[in-house]
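Just the heavy atoms: all of them, side chains too, but no hydrogens, waters or symmetry mates, feed the values below.
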Amino acid sequence: MKPVDSRDEWPSDGIEVLGCCPVCKGLSKDLVYSDQSDMVFKCAPGDWDLWQCNDCGCNYVDPRPDEGSTHLAYENYYTHGKVYVHDKYKNLSRLRKFKRRLVNGYLKHRYSKSISPLIALGKYLVYLLPKIRRRLDRTFRSMPMLPSKGGDLLDVGCGNGSFLYQAKEIGWRVNGVDFDSMAIEALRLDDMPVGHGGIELFSEERELFDVITLSHVIEHVHDPVFLLERCKDLLKPNGYLWIETPNSNSYSHSVFSSFWRGLEIPRHLTLFNYSSMRYALEKSGFNKVNVLKYTNPIESMFKKSYAISLGCSPYANIKLPIKYTVRMYLYKVIGLLVRSRSEYLSISAYK
Ligand SMILES: [Zn+2]
């Protein structure tokens, strides 16, 4: 592992200047932070400026690493870990079998008619327990019901395949792509249909998928609108798109400013708020853009951002001081009503 060194500079021939917003091409901008180094994984050399577009509201890095050199920002990046293993029903304890059957009662009602074994009562129980329902809906990315003939799904940035396994288990025909070669190798050994790279692996294809999901991907790419346009091309008519990305308008960002966990410069190149995300989706031809309501990870984002402010790893076990704890709980309550300030933007849209 290579520690960050403020004397290190990004190679000058690997830097590109945008001069305008990567989302709307607007020229009007305000400086948000200057000379930001990689405070999260401490592996990317260089200091970077973050701008806010005055037209669409997104935040973007400019100048920034070009596509050819961007791998330098990922040398100490966390790997996606080992392949996700979903516990087989037969291996569960009696109590966990009972819980699984209750959950399946909800999943059959909401996601896939082919699920079994189940307790039908689970459907009603899960509706009475919103925290559990939101967790399940986030796990299954609020997808539409699996079509009776089955459906085709692509997870861009599939990582260790945890979502692919979950979706496969409820009946989807799954596909994944990711730049993490170790994760892809492990998934291939398990016969998962995955490709090494990004959405450009499907550059010649059209209308292949019923569902495409992007979990914490869009903030990393050089051309987010192009990514969305390709998703639209690859979706069948009325296809479903799901996106999750850090929210630049979150409470943790306003409290911790340049130490915000979501910044992660220069791996995160474009950061959205609700209005800029809606703009990007509509510009790319999507409609029925909907904000999804999941459990807000505000406690985790406060703790990680606070750790970064101390110069520590965001994953260090550091107790949040009382002054931040009070604000965190206050914002947690307000956040139940104001979804535009949630920590992540979780969005669905249709072609
Ligand atoms: Zn813009």
Could you state whether [X] and [Y] fall into the same hydrophobic cluster, counting links through intermediate Ile, Leu, Val, Met, Phe, Trp or Tyr residues with side-chain heavy atoms under 4.5 angstrom apart?
X: Val211; Y: Leu292; result: yes
X: Leu125; Y: Ile119; result: yes
X: Leu214; Y: Leu208; result: yes

Does [X] reach the main-chain N or O of [Y] with its side chain, forming a donor-acceptor pair under 3.5 Å?
X: Arg64; Y: Val17; answer: no
X: Ser313; Y: Tyr315; answer: yes
X: Asp180; Y: Met182; answer: yes
X: Trp51; Y: Asp62; answer: yes
X: Lys42; Y: Gly311; answer: yes
X: Arg110; Y: Ser142; answer: yes
X: His222; Y: Leu269; answer: no
X: Ser250; Y: Asn247; answer: yes
X: Ser276; Y: Asn273; answer: yes
X: Arg173; Y: Leu153; answer: no

* Could you check Tyr306, Phe259, Tyr329 and say which one makes a ring-ring contact (aromatic ring centres under 6.0 Å, His included) with Tyr324? => Tyr306

Would you please say whether a donor-acceptor pair under 3.5 Å links the side chains of [X] and [Y]?
X: Ser69; Y: Trp10; value: yes
X: Ser34; Y: Asp49; value: no
X: Thr245; Y: Glu219; value: yes
X: Arg101; Y: Ser116; value: no
X: Glu343; Y: Ser252; value: yes

* **Test side chain to side chain contact (heavy atoms under 4.5 Å, CB included) applied to Asp178 and Val194, step by step** => CA-CA 8 Å; Asp178 202 286; Val194 289; over 6 Å; no

Tell me whether the count of non-hydrogen atoms from other residues, nucleotides or ligands lying under 6.0 Å of [atom1] in [X] goes above 12.
X: Lys303; atom1: NZ; result: no
X: Arg206; atom1: CZ; result: yes
X: Asn91; atom1: CG; result: yes
X: Asn238; atom1: CG; result: no
X: Glu185; atom1: CD; result: no

* Do you know which of His253, Lys29, Gln52 makes side-chain hydrogen bond (donor to acceptor under 3.5 Å, both in side chains) with Asn59? -> Gln52

* **Test item: Val225 and Leu228 side chains (from C-beta on) under 4.5 Å apart, heavy atoms** => no

Nearest heavy atoms of [X] and [Y], plus distance in Å:
X: Leu146; Y: Ser112; value: CD2-OG, 3.6 Å
X: Tyr274; Y: Arg341; value: CE1-N, 4.4 Å
X: His216; Y: His220; value: O-CD2, 3.4 Å
X: Asp55; Y: Cys24; value: CB-SG, 3.7 Å
X: Ala280; Y: Phe272; value: CB-CE2, 4.0 Å
X: Asp38; Y: Cys43; value: OD2-N, 2.9 Å

* Test log, rule side chain to side chain contact (heavy atoms under 4.5 Å, CB included), inputs Leu129 and Arg133 -> CA-CA 6 Å; Leu129 300 167; Arg133 178 158 45 87; over 6 Å; no

* Asked: Step by step, would you call Glu244 with Arg138 a salt bridge (charged side-chain N to carboxylate O under 4.0 Å, His left out)?
  -> CA-CA 10 Å; Glu244 192 168 86; Arg138 183 163 181 245; 2.5 Å; yes

* To do: For side-chain hydrogen bond (donor to acceptor under 3.5 Å, both in side chains), just list the numbers for Ser203 and Arg230, CA-CA rounded to whole Å, side-chain angles, deciding distance to a tenth of an Å, and then say yes or no.
  => CA-CA 8 Å; Ser203 59; Arg230 287 298 300 128; 5.9 Å; no

* Given Val103 and Leu136, is the side chain to side chain contact (heavy atoms under 4.5 Å, CB included) satisfied, shown in steps? -> CA-CA 9 Å; Val103 164; Leu136 288 169; 3.7 Å; yes

* To do: Take Phe98 and Leu92 through the side chain to side chain contact (heavy atoms under 4.5 Å, CB included) test and state the conclusion after the steps.
  => CA-CA 9 Å; Phe98 179 69; Leu92 300 178; over 6 Å; no

* Just do the ring pair (Phe, Tyr, Trp, His ring centres under 6.0 Å) check on Phe209 and Phe202 with the steps written out, would you? => CA-CA 11 Å; Phe209 302 106; Phe202 296 95; 5.4 Å; yes

* To do: Verify side-chain hydrogen bond (donor to acceptor under 3.5 Å, both in side chains) between Asn296 and Tyr331, making sure each step is shown before the conclusion.
  => CA-CA 10 Å; Asn296 191 15; Tyr331 290 138; over 6 Å; no

* Cation over ring, Lys288 on Tyr350, under 6.0 Å and within 45°? -> yes

* Asked: Are Arg261 and Phe256 in a cation-pi setup, meaning NZ or CZ lies under 6.0 angstrom from the ring centre and within 45 degrees of the ring axis?
  -> no

* To do: Evaluate the ring pair (Phe, Tyr, Trp, His ring centres under 6.0 Å) criterion for residues Tyr294 and Tyr344: first the C-alpha distance (whole Å), next the side-chain angles of each, then the deciding distance (0.1 Å), finally the verdict.
  => CA-CA 9 Å; Tyr294 299 141; Tyr344 296 159; 9.8 Å; no

* Asked: Centroid-to-centroid, His109 to Tyr127, below 6.0 Å?
  -> yes

* side chain to side chain contact (heavy atoms under 4.5 Å, CB included), paired with Ile347, selected from Ile218, Leu241, Val289, Asn290 -> Val289

* To do: Just do the salt bridge (charged side-chain N to carboxylate O under 4.0 Å, His left out) check on Asp152 and Lys236 with the steps written out, would you?
  => CA-CA 10 Å; Asp152 297 287; Lys236 297 175 190 174; 3.2 Å; yes

* Please report the C-alpha distance between Arg134 and Asp137 in whole Å, then the side-chain angles of each, then the deciding distance to 0.1 Å, and finally whether the salt bridge (charged side-chain N to carboxylate O under 4.0 Å, His left out) criterion is met. => CA-CA 5 Å; Arg134 283 183 204 143; Asp137 287 342; over 6 Å; no

* **Contacts of type side-chain contact (heavy atoms from CB on, under 4.5 Å), residue Ser12, not counting sequence neighbours** => none

* **salt bridge (charged side-chain N to carboxylate O under 4.0 Å, His left out) assessment of Lys351 paired with Glu207** => CA-CA 10 Å; Lys351 179 173 176 177; Glu207 301 190 355; 3.7 Å; yes

